[in-house]
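Numbers for residues simply follow the sequence, beginning at 1. Please read these numbers as outputs of a predicted model, since none were measured by experiment.
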Amino acid sequence: MKSYFRSLSVLFLALLAFPAFALDLHEARSAGQVGEKADGYAAALKSSPEVTALVADVNAKRKQEYTRISKENGQPADVVAKLAAVQIIQNLDPGSKYQDESGSWKTR
């Protein structure tokens, strides 16, 4: 009986930690909660704690990657980010939101 409860406890804890319940970038884009900016970073279009946390996490990882690439190629990180933005926007699913160079939000 102890083994049964121990197994249930482990399963319960695993389910709590399972990331499938968390909002991911693709899902947030599809729901119109997150858009892609022309500067290479994501933006929260609908504010909620979960969306805000997702955008902060995505942008921190992107900034780290843009900085790494900029050091390797001798380019400023903002140039790398803008080049990445073009690729990100081109690869968005239909219905996703993005910001054009003028700052206007569009739907792909």
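- Between P49 and T52 there is no side-chain heavy-atom pair separated by less than 4.5 Å.
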Show your reasoning for whether side chain to side chain contact (heavy atoms under 4.5 Å, CB included) applies to Q90 and V86.
CA-CA 6 Å; Q90 285 178 349; V86 173; 3.7 Å; yes
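- Within 6.0 Å of CD in E72 there are more than 12 heavy atoms belonging to other residues, nucleotides or ligands.
- Residues L45 and K97 form a side-chain contact, since some pair of their non-hydrogen atoms from C-beta on lies under 4.5 Å apart.
- Without hydrogens or angle criteria, S96 side chain to L92 main chain gives no donor-acceptor distance under 3.5 Å.
- The closest side-chain heavy-atom distance from K37 to W105 is below 4.5 Å.
- Expressed to the nearest 0.5 Å, how far CG of D78 lies from CG of D39 amounts to 9.5 Å.
- Considering every non-hydrogen atom in both V51 and L23, the closest pair reads CG2-CD2, 3.7 Å.
- Residues V58 and A42 come closest through the heavy atom pair CG1-CB, 4.3 Å.
- From D100, atom CG reaches atom CD1 of I89 across 8.5 Å, with rounding to the nearest 0.5 Å.
- Salt-bridge annotation for E65 and R62: absent, with no side-chain N of the basic residue lying under 4.0 Å from a carboxylate O of the acidic one.
- Side-chain atoms of D93 and H26, non-hydrogen and from C-beta on, do get closer than 4.5 Å to each other.
- Contact of the N73 side chain with the V80 side chain is not registered, since no non-hydrogen atoms from C-beta on lie closer than 4.5 Å.
- Taking CD from E36 and CD from Q99, the interatomic distance works out to 10.5 Å, rounded to the nearest 0.5 Å.
- One distance of note links CZ of R29 with CZ of R108; it measures 11.0 Å at 0.5 Å rounding.
- Counting all heavy atoms, side chain and backbone alike, G40 lies closest to I88 at O-CD1, 4.3 Å.
- Between the side chain of S70 and the backbone N or O of T67 there is at least one donor-acceptor pair closer than 3.5 Å.
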